[in-house]
Number of protein chains: 2
Amino acid sequence: MPDDLTRHVDAETALAGAPPGHKDELRLWLRLLTCTTLVEAEIRRRLRREFDTTLPRFDLLAQLERAPAGLTLGEVSRRMMVSNGNVTGLAARLEEEGLIERRVSPTDRRAQTLRLTARGRREFARQSRAHEGWIAELMAGLAPAERAALHALLGRAKASVRAGLEGGEA
Amino acid sequence: MPDDLTRHVDAETALAGAPPGHKDELRLWLRLLTCTTLVEAEIRRRLRREFDTTLPRFDLLAQLERAPAGLTLGEVSRRMMVSNGNVTGLAARLEEEGLIERRVSPTDRRAQTLRLTARGRREFARQSRAHEGWIAELMAGLAPAERAALHALLGRAKASVRAGLEGGEA
DNA sequence: CACGAATGCTTGAAACCTAAACTATTTAGC
DNA sequence: GCTAAATAGTTTAGGTTTCAAGCATTCGTG
């Protein structure tokens, strides 16, 4: 029998006794993490079941779809916020399946440009349509005004986090 | 049935008339994901540098800290929202380092209870103090009222996602 | 032009993570 | 009591992920 991750108990459960003082921020972070994890797990599950693929593969294709001129491995790495070694392996698998192609840059022999193949574009279009619907479905319990407010507050949160990143101050 | 029929758009018309239309939800999700990823990456980085440990290890210790009576592997798996096979390996490493101990349940010979050792408790206390400060630091750019509003909206989002999970309706 | 620094990518080791198959034990129904 | 189903954990195979080290190429500066 497969594992059932849906039947979980929150990470934000206990944590009631609070001596120090930053428990508020911690609770906020745990709730943020819970939301993301819930959505992510569900999307992974559906991607696997419906398209026999994984989230990182989908994400890489999505990056290339948005950049018709192609992206270098380094650019993909930065946009996906993962290590470059990670992208190397991911791209290798996708290339082997004929979903993307790589071409050495004519101006810089170190760099390679990744591009969707026709098949990759077709395949991603199918996945993307479904994906968009899934997200809408999961967010359907929020009123449009709530979604807008949440979006704005997350923008503020993003700015706050960026400001607190190490090296960001320098 | 709605009071004002002229202003009512049912699901069919909405689907028929629009190209896709769920870009809002998608943007919201991507921003949520970005926030979480940013924080998570930074916490991972600091845990590694300051304590030479990883986020999943920290999370497992945190679960046990909150449950002084101990937890079975399955309970940990559900609370951390990861597979049970995952917890097996994680717990094995932590036990080998003497941070946690496992004991077969006296009432159920299948189950094992995990507990922090004295050393594990000491070590986690150090990490936890730092971790709490890091989160507060990253969230420092949000006013208390913003944090409260965000927390509430994320609660709504969590409920929405839960309602949309497969099998959750059954 | 030379050469040290920076950049783009790959590789290797180790950890993480999942889904699925498996073993052992307990529970429920008859 | 017996047996089928459910439950607790482990194992296996394969993808994901990081960090650190390494190679090749380009750039900046003298």
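In what follows, chains carry the letters A, B, and so on, assigned in the order in which the sequence lines appear, proteins first and then strands, with residues in each chain numbered from 1. Note: hydrogens, waters and symmetry copies are ignored here, and every other heavy atom, side chains too, is used.
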Pairs meeting criterion ring-ring contact (aromatic ring centres under 6.0 Å, His included) with involvement of residues 66-119 of chain A, two or more places apart: none
Distance in angstrom units between A:Arg57 CZ and D:dG14 P, rounded: 15 Å
Expressed in angstrom and rounded to an integer, what is the separation of A:Leu47 atom CG from D:dG15 atom P? 16 Å
Could you work out, with side chain to side chain contact (heavy atoms under 4.5 Å, CB included) as the rule, every residue matching A:Ser105, not counting sequence neighbours? A:Thr107, A:Asp108, A:Ala111
For atom CZ of A:Arg48 and atom P of D:dG14, their distance in whole Å: 13 Å
What does B:Arg44 touch in the nucleic acid at a heavy-atom separation under 4.0 angstrom: a base, only the sugar-phosphate, or nothing? nothing
Which residues share a side chain to side chain contact (heavy atoms under 4.5 Å, CB included) with B:Gln112, sequence neighbours left out: B:Arg102, B:Val104
Can you name the side chain to side chain contact (heavy atoms under 4.5 Å, CB included) partners of B:Thr113, sequence neighbours left out? B:Arg115
Could you identify which residues of residues 65-84 of chain A place a heavy atom less than 4.0 Å from some atom of DNA chain C, listed by residue number, or say none? A:Thr72, A:Leu73, A:Gly74, A:Asn84
Please identify each residue that fulfils side chain to side chain contact (heavy atoms under 4.5 Å, CB included) with B:Glu75, with sequence neighbours left out. B:Leu71, B:Thr72, B:Arg78
Write down the distance between CG (B:Asp59) and C1' (C:dC16), rounded to a whole number of angstrom. 12 Å
Any B:Asn86 side-chain N or O less than 4.0 Å from OP1/OP2 of C:dC16: no
Students often get this wrong, so: under 4.0 angstrom with heavy atoms, is A:Leu55 touching a base, only sugar-phosphate, or nothing? nothing
Qualifying salt bridge (Lys or Arg N to Asp or Glu O under 4.0 Å) pairs, either residue in residues 138-149 of chain A, two or more places apart: A:Glu146-B:Arg156, A:Arg147-B:Glu25
For A:His131, check ring pair (Phe, Tyr, Trp, His ring centres under 6.0 Å) against everything at least two apart and list the hits. A:Phe58
Got a list of side-chain donor-acceptor pairs under 3.5 Å for residues 60-68 of chain A, not counting sequence neighbours?
none

Bending between helix ends of the helix from C:dC1-D:dG30 to C:dC30-D:dG1 [5 pairs per end, 10° resolution]: 30°
If I compare all heavy atoms of B:Gly98 with all of B:Thr117, which pair ends up nearest, and what's the gap? O-OG1, 2.7 Å
Under the ring-ring contact (aromatic ring centres under 6.0 Å, His included) definition, can you give me all pairs with a residue in residues 97-121 of chain A, not counting sequence neighbours? none
Which atom of B:Ala91 lies closest to which atom of B:Leu73, heavy atoms considered: CB-CD2, 4.1 Å
Would you kindly compare A:Gly85 and B:Gly89 by the position of their nearest DNA chain D nucleotide and give the one closer to the 5′ end? B:Gly89
Check each residue of residues 92-116 of chain B for a non-hydrogen atom within less than 4.0 Å of any atom in DNA chain C, then write out the ones that pass by number, or none. B:Arg93, B:Asp108, B:Arg109, B:Arg110
Look at all strands and tell whether A:Thr54 reaches a base, only sugar-phosphate, or nothing, counting heavy atoms closer than 4.0 Å. sugar-phosphate
Length of the CZ-P vector between B:Arg49 and D:dA20, whole Å: 12 Å
So does B:Leu32 get a backbone contact from the side chain of B:Thr36, meaning a donor-acceptor N/O pair under 3.5 Å? yes
Protein-nucleotide distance (A:Glu40, atom CD; C:dT18, atom P), rounded to Å: 10 Å
Rounded to the nearest Å, what distance is computed from the CG atom of residue A:Leu60 to the P atom of nucleotide D:dT17? 11 Å
